[in-house]
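Just below is one structure, and these are the notes that go with it.
Note that these values count all heavy atoms, side chains included, but never hydrogens, waters or copies made by symmetry. Chain A is the first sequence line, chain B the second, and so forth, proteins listed ahead of strands; every chain is numbered from 1.
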Amino acid sequence: MSRDLDMERRRFLLRAGKAGLGMAATLALSWWAHDSQGPSAGIGQAEGVKLPSFAVKGTERRLAVVKSSHRVPALRAGLEALGGIGAFVGAGHKVVIKVNAAFATPPALGATSNPELVAELVRLCLKAGAVKVVVTDNPINDPASCFELSGIGPAGRAAGAEVVLPHPGAFRPYTLPGGRLIKDWPLLYGPLAGADRLIGLAPVKDHHRSQASVTMKNWYGLLGGRRNVFHQDINGIISELGRMVAPSLVIADGVTTLAHNGPTGGSLEDLKPTDTLILGTDQVAVDSVAVGLLGLKPAQVPWLGLAAQAGAGTTDYESLNPTKVELG
Amino acid sequence: MRIVTARRISQGFFLALFLWFCVVATVGERLWQMRGWPVNWFLELDPLTGLTSLLASGSLYAGLWWGAAVLALTLVVGRFFCGWVCPFGAMHQFVGWLGARSKPLKERVQRNAPHPAQQIKYFLLAFFLGAAMSDLAARLALGQVAASLAGALVLGLVLLATRKGQGGRAYALAVGLVLVAWLAWSLLAPHGGAWLLAGLLDPIPLVSRSVNLVLLPLADAPARVAWPEPRFYQGAGLIAAVFLAALLLNLWRPRFFCRYVCPTGALLGLVGRHAIWRVGKVEARCSACLGCDGACSGAARPAGRLRPAECVLCLNCLDGCPENDIAFAAKLSAGGEAAPDLSRRRVLAGLGLGLAAPPILTLSGVLGTNWNPALVRPPGSLPESEFLRRCLRCGQCMRVCPTGVLQPVGPSFGLEALWTPVLNNTIGTSGCQPRCTACSHVCPSAAIRPISLDEKLGKGKYAAQGPIRLGSAFLDRGRCLPWAMDRPCIVCQENCPVSPKAIFTRVAWETVLGGLIAGPATGNELAVSGKALRPAALASGDYYLQAGGARARIAANGAHSLGLTPGADWRTPAPGAPLSVAVRLQRPYVDPARCTGCGICQHECPVSGKRAIRVSAENATRERSHSLLLKGAGPG
């Protein structure tokens, strides 16, 4: 009998012990998880990234304007005029080429960076000692289709570049120091992380809202999210983009200019032969030359003035003593 | 090798092949991309797909004849497709095996006992066949002989397969009356049609849809093989619910879907029950261990009177028989055989309901004036009445679409449209890309007929008829920034891919700030008073100072000063003159004559929820009666 009671007591103690542990665990966990404040408004904001300057010391204020109807020789001659690709790309560098792959249109329609030009630039960078060349953009149309149809993807890969398409993990929040529009905005940071050099390569295009789309507008493709809200202040956003990115080099392809129906084009009739490739380290100056191919003066294009005011460069490109090359 | 091992290898192989085809249905030239992979092969093998498509549309498109090959082989060896090929069947077999694994023999025998509910699949088959041949009589009159022959065969099959009820004469009279009524109605009624509703439950479309629109997007989100960005499909929950329910019910009854629901299995059962080679007992008397009944996937009762129509040829019975009393041979089972227990009345009721379904559903007017303009169909889609005769709801077009704009229609659009493709421009990476015809070439039943790029863009020999229009964009001026909110925007115009653009703009000036008074001017600097300005607020390039009738663009501003970029007609206002500030707006307009309804504008519109420019199906090329603009009228 006493043995039975003993067993009974032992079982009770065991059960009481388990219940006690369960109570303690429940209360401890709820204590630990307890939040007396509730979420604040800015919840979920990740740490922002910083964008370093990719400008190469000693190459400031360089500008070359090459007249040619052939892109590849024009690119070589233009780079030569700027001091050679070696002035910008050196051994061991990771180089990012930001192309304009915005639309899923074939290269002949001129709405995207020319694939031959992309390939040649990739090859030159690799030849100059770059260990890795990344070609990237966050296009407007379906990214995979854009890179394939524009020919940029196949050409870049064939030349030895890594072609990086945007995906959600590649974007990180970014705030432009002193910026008004680019605040806590998703930036296509993945391909830029760890890069030593950044080269912008964009076609010269008509744009109904901003009048022209050249190398500064091309940085739009580094933004993610619903970036189209910035069209409310197109001049403001382009000038902020010019401040956001300090490139190693920008190249405006005006061998043909998308003179009408931009920036999408869609017909060969929208193109105009203008036989000009503009290269430089001052993107405002490069774009100021480029808008001339569309029949515009820099003063007529507000974003050029705003970018110059903000210190991104100068619209007075003649003051840079541009090297003019005629390849005929 | 054991025969069930061979069967499992076959099932595993075909399931893997099916999944491979789902993965490679990606536009591209790499090995794991589309290239020349026959990604529709399983859909084509499914004989119900082919038969209903033939009945409803009048022809057997492209690879759909594979279904005839399956039917032909079924006449010889029975339901080999169900037991050895069908990828959905393989899934059921596996889950059923999981559920039965630890059950004692007695319970397994009980679970595998024939059940009256096995009739349901035949009624469903009758319903779907009826819906597909609803207007067959009318089409016979139009000379669609092949479809009509197939319809006659179907009716014959139904009558042959069903058990005679009592009261033969009265019954025959009833059938006769129904048939006469149907024929008369079908010939006389001006509307109605025949719809391919089978895709709702047809196993291969069902499993294709489920894998393509549910499993693959889930699996690919971290892997990013099929798509560079995560994929989204509206209403994936309902598709998944049907799929998962079908799978999980196997835990209760093995091959639940195959036994009770599968209309393709019903068709193959009816066709294959007289197969030359079949499973059966060699000797009628055996030790009655019931091992075969406990293992039978199809609930065909191999130990007793065998039901050959239910046998899915899993061959578990043959494999497990300790007395080797079961064989796959060219003779009837020694234990006796039973035809499917089908009441003619019920099958005819199913058929009759099917025949009546399209006319009843058509009463909502969806093929008439009450058509749904939200149904923006992919490029190359047939007119809606023809489209519904062919669309399998398999999801191949939505799978292959490189932008993911093609989405399954939800239940709110009606049963006839459920899970058919529609463009939803607020999902996916873009609208319908002008230089893409992928969906039209993947569609296994030509509900989206194959089109060339020239035809889509209206080039070459199609120049006279112009591009294929999916619909037209319409502006919602109450939501549009430049129309309703005095903010410049025109993202829609910028992104319109048509040349010349189908969205054009007209400049409007809206006064946004008044009550300013001119002060002294120095060069292009003008002092102003009357109101303090927020520094740089007017310097965006979109604001202009108005004085008299002239305007000058504001390039910079302080609290009481303006920097101007004057035009030729600008005269510096005299001190004290009233001034105002206007915003220069480019307001978008759509030209429906040029708009192709691609939806890229809608996708890009910065009004992120309900867009300020939206495509609806008015003016779509596929429906002449929905055209918008009178040809030859207007100034252009």
Next item on the list: Select one option (side chain, backbone, both, neither) describing which atoms of A/Pro168 are under 4.5 Å from chain B's heavy atoms.
Entry: side chain

Next item on the list: Please look at A/Phe103 and chain B and tell me whether the side chain, the backbone, both or neither of the residue comes under 4.5 angstrom of a heavy atom of that chain.
Entry: side chain

Margin query: Between B/Arg487 and chain A, with a heavy-atom cut-off of 4.5 Å, which part of the residue counts as in contact: side chain, backbone, both or neither?
Written below: side chain

Next item on the list: Indicate the atoms forming the closest heavy-atom contact of A/Leu109 with B/Arg435, along with that distance.
Entry: CD1-NH2, 3.1 Å

Check: If you check every heavy atom in residues 207-226 of chain A against those of chain B, which residues fall under 4.5 Å?
Finding: A/His207, A/His208, A/Arg209, A/Lys217, A/Arg226

Check: Do the side chains of B/Arg553 and A/Pro302 get nearer than 4.5 Å, heavy atoms only?
Finding: yes

Next item on the list: Against chain B, label A/Gln232 side chain, backbone, both or neither, depending on which of its atoms sit under 4.5 Å from a heavy atom there.
Entry: both

Notebook entry, point to check: So which heavy atom on B/Glu229 is nearest to which on A/Pro166, and how close?
Noted result: CG-O, 3.7 Å

Checklist line | Best-contacting candidate, A/Gly236, A/Ala144, A/Gly262, against chain B by heavy atom pairs under 4.5 angstrom | finding: A/Gly262

Item checked: Test log, rule side-chain hydrogen bond (donor to acceptor under 3.5 Å, both in side chains), inputs A/Asn141 and B/Gln433 -> CA-CA 8 Å; A/Asn141 297 161; B/Gln433 293 187 154; 5.3 Å; no

Next item on the list: Identify which part of A/Ile140 has an atom lying under 4.5 Å from any heavy atom of chain B, answering side chain, backbone, both or neither.
Entry: both

Next item on the list: Please name the pair of heavy atoms, one in A/Asp142 and one in B/Pro402, separated by the smallest distance, quoted to 0.1 Å.
Entry: OD1-O, 3.1 Å

Notebook entry, point to check: Considering all heavy atoms of both residues, which atom of B/Thr429 and which atom of A/Pro143 are nearest to each other, and what is their separation?
Noted result: CB-CD, 3.9 Å

Next item on the list: Drop me the distance from B/Ile490's CD1 to A/Asn228's CG, to the nearest 0.5 angstrom.
Entry: 12.0 Å

Margin query: Heavy-atom pairs under 4.5 Å with chain A: which of B/Pro482, B/Cys605, B/Gly431 has the most?
Written below: B/Cys605

Note to self: Tell me which of these, B/Pro228, B/Cys489, B/Gly541, has more heavy-atom pairs under 4.5 Å with chain A than the rest.
What the structure shows: B/Cys489

Notebook entry, point to check: For chain A, which of B/Val27, B/Thr505, B/Leu457, B/Val607 has the most heavy-atom pairs under 4.5 Å?
Noted result: B/Thr505

Checklist line | Residues of residues 174-182 of chain A within contact distance of chain B, non-hydrogen under 4.5 Å | finding: none

Item checked: Side chain / backbone / both / neither for B/Val405 at chain A, heavy atoms under 4.5 Å -> neither

Note to self: Go through it in stages, so that I can follow the logic: the residues are B/Ser540 and A/Asn235, the test is side-chain hydrogen bond (donor to acceptor under 3.5 Å, both in side chains), and I'd like the CA-CA distance, side-chain angles, deciding distance and then a yes or no.
What the structure shows: CA-CA 6 Å; B/Ser540 72; A/Asn235 300 308; 5.6 Å; no

Next item on the list: Return the option, out of A/His167, A/Gln300, A/His260, with the maximum number of heavy-atom pairs under 4.5 Å with chain B.
Entry: A/His167

Next item on the list: Take A/Thr264 and B/Glu494 through the test side chain to side chain contact (heavy atoms under 4.5 Å, CB included) and record every step on the way to the result.
Entry: CA-CA 7 Å; A/Thr264 51; B/Glu494 174 187 334; 5.8 Å; no

Notebook entry, point to check: What option among B/Pro488, B/Gly28, B/Ala536, B/Pro434 has the most heavy-atom pairs under 4.5 Å with chain A?
Noted result: B/Pro488

Next item on the list: Taking the side chain as every heavy atom from C-beta outward, state whether B/Ser499 and A/Glu269 have any atom pair closer than 4.5 Å.
Entry: no

Notebook entry, point to check: Given a strict heavy-atom distance threshold of 4.5 Å, which part of B/Cys436 is in contact with chain A: side chain, backbone, both, or neither?
Noted result: neither

Notebook entry, point to check: Checking A/Asn261 against chain B: side chain, backbone, both or neither under 4.5 Å from a heavy atom?
Noted result: both

Checklist line | Side chain, backbone, both or neither of A/Ala299 within contact of chain B (heavy atoms, under 4.5 Å) | finding: backbone

